[in-house]
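In what follows, a single structure is set out as structure tokens and then discussed.
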Amino acid sequence: MLPIDGQPILTAAQMRAAEERAAPTPEAMYALMERAGAGVADAVRRLATGAEVLVLCGPGNNGGDGFVAARMLAEAGHPVRVATTGKPVSDLARLARQGWTGPSEDLVTAGPATVVVDALFGTGLSRPLDGKISEALHRLVRAAHLGIAVDLPSGLATDSGAYRTDPPTFDITLALGALKPAHVLFPAADRCGAVRILTLGFEVASDLTVLTRPAFLSPGWDAHKFRALVAVIAGVMPGAGALAATAAARAGAGYVLCLGGATDRVPHALVRRRWAADALADERIDAILIGPGLGRDDTAHEKLAAALASHHPLVLDGDALALVTPAQLAARRATTILTPHGGEFHRLFGPGDGSRVDRARAAAKASDATVVLKGADTVIARPDGVTLVAPAGPSWLATAGTGDVLAGVVAARLAVGALPDRAAAEAVWLHAEAARRAGPAFIADDLAQLLPAAIAACR
């Protein structure tokens, strides 16, 4: 079983195509099912530690994987039962069913077991579950000490992360061959528990992957404070700008310039000046951040216009995202990173279609910017479609000011020379790691203080 960090994510269609390339004949495809079932059986046997296992088998190939796993568990002497929704309907599932020589119970009336394995529908589900099947699934998983889903909890939409039918929450999901979007996109990800990958013996690739821990190097012997200069343009809510500037300083910037805002709310190490548009003409600036606490008045519009006109890399957050248009962003010739939460994204780009990945990709292309769509499943999309998804960070991040901190970290990582998508990825990882170190009920100020420790964990 592999952890998900850095792993590719495949849609249902991409996974089918990969399987067909790896197993182009029915015989090869059944051998692949045997391999998948063997992987499930081995994982379940180790997780069950001798307890009775109930495998729930559906009518399709996911059910076929379940029959193979049940057979192999029985052959290994492990106590196992099977419950089904009826007769298999796919050729592979029928063949797998023939290999199971034990009794089969009716899913609706099946009794509980210590360990329940959901091999009902997986990625092939195209409609809501039958009510009786859904009720039985919830009842059996609720009664079990351990719930394990094969490929996906039954009831999820593979590619969007939505519910077709709200499934129970599983303790672990065994992704067959590769991750699917529903493993990392909410609300589906909330039902998967810990996700682990069972490899099937063939390579998979995708331009959508899971964020992984970055690696940081210390500044070289010849480094100086102007190696990474971040200019933070403050506004009518100076506390937000102060949070962002402090975060930038603690996330690797060598010099942070606060333009405007209060002068008594930032560490003394930060340089504070009155706002003036010509301050952005300084060639030493490596990244500009605008938006946290900016406001939406005439002065805010003037500041944003100056930032957009500059040739420096630019990070836009908060109020700046309410004042700009995709056309203005696409007209820039310098690097641009956007860090919207869901509401800001909707206002800027409209509702759109598809999953959060689809919408973030479309927005990145339309704005010619790297888009960091924040949320429990933060999505980082480049204009060319290459995309990262960050696993959920601590839920305590849902508190005021944490977005300002993230924006400051993005600006710092951009200033030190990282490419835009890498800067965003480093920032999102550091942000979540600082939150993990902060523990419950932290405030945004705490995150900034813990960024150096988060960086140290990456060296």
Side-chain angles (χ1 to χ4, degrees), residues 216-220 223-294 303-304 306-307 310-320 334-337 339 372 401-418 420 422-424 426-428 430-431 434 443-456:
F216 294 116
L217 298 176
S218 299
H224 51 79
K225 65 184 179 181
F226 292 115
R227 61 185 167 78
L229 194 162
V230 174
V232 178
I233 301 175
V236 297
M237 297 177 64
L243 275 172
T246 302
R250 292 187 176 275
Y255 190 108
V256 177
L257 173 61
C258 301
L259 295 172
T263 60
D264 59 349
R265 298 189 182 186
V266 295
H268 295 305
L270 276 59
V271 179
R272 290 153 287 184
R273 293 182 188 167
R274 293 180 181 275
W275 160 252
D278 59 7
L280 302 184
D282 189 338
E283 292 298 325
R284 297 174 300 180
I285 293 175
D286 296 293
I288 297 171
L289 168 60
I290 185 169
L294 180 65
K303 291 178 178 179
L304 179 59
S310 78
H311 63 277
H312 301 299
L314 179 63
V315 179
L316 287 89
D317 183 60
D319 288 327
T335 295
T336 308
I337 301 178
T339 59
V372 183
T402 57
D404 303 322
V405 171
L406 177 62
V409 181
V410 172
R413 302 318 303 166
L414 188 60
V416 300
R422 182 175 177 83
E426 291 175 351
V428 169
L430 288 173
H431 191 242
I443 61 172
D445 305 63
D446 300 329
L447 291 183
Q449 303 301 319
L450 289 165
L451 287 167
I455 291 175

List the steps, then state whether side chain to side chain contact (heavy atoms under 4.5 Å, CB included) holds for F216 with V416. CA-CA 11 Å; F216 294 116; V416 300; over 6 Å; no
Would you say R273 and C258 make side-chain contact, with heavy atoms under 4.5 Å? no
Could you check if a side-chain atom of L316 sits within less than 4.5 angstrom of a side-chain atom of T339, using non-hydrogen atoms only? no
Using the rule side-chain contact (heavy atoms from CB on, under 4.5 Å), only one of L314, L289, L304, L280 pairs with I233; which is it? L280
Tell me, do R413 and R422 make a side-chain contact under 4.5 Å, heavy atoms counted? no
Beyond-backbone contact of E283 with H311, side-chain heavy atoms, under 4.5 angstrom: yes
Exactly one candidate in D286, V230, L229 meets side-chain contact (heavy atoms from CB on, under 4.5 Å) with Y255; the answer is L229
Can you find a pair of side-chain heavy atoms, one from V372 and one from V428, that are under 4.5 Å apart? yes
Does any N or O in the side chain of K303 come within less than 3.5 Å of the main-chain N or O of G291, such that one atom is a donor and the other an acceptor? no
Looking at G293 and D319, what are the two nearest heavy atoms and their distance? C-OD2, 3.9 Å
Do you know the tightest heavy-atom contact between L414 and P313? CD2-CB, 3.6 Å
Indicate yes or no: at least one non-hydrogen side-chain atom of L294 is less than 4.5 angstrom from one of I290. yes
For H431 and E426, which I'm curious about, is there any donor-acceptor pair between the side chains at under 3.5 Å? no
So S310 and I288, do their side chains get closer than 4.5 Å, heavy atoms only? yes
Can you name the nearest heavy-atom pair linking V256 to A253, along with the distance? CG2-CB, 3.9 Å
Report the C-alpha distance between L259 and V232 in whole Å, list the side-chain angles of each, state the deciding distance to 0.1 Å, and finish with yes or no for side chain to side chain contact (heavy atoms under 4.5 Å, CB included). CA-CA 6 Å; L259 295 172; V232 178; over 6 Å; no
Do the side chains of D282 and F226 get nearer than 4.5 Å, heavy atoms only? no
Of all heavy-atom pairs linking L451 and V409, the shortest is CD1-CG2, 3.6 Å
Is the backbone of I285 close enough, under 3.5 Å, to the side chain of H312 for a donor and an acceptor to pair up by distance? yes
Considering all heavy atoms, the nearest P420-I337 contact: O-CD1, 3.6 Å
Over all atoms of both residues, closest heavy-atom pair of A454 and A434: CB-N, 4.1 Å
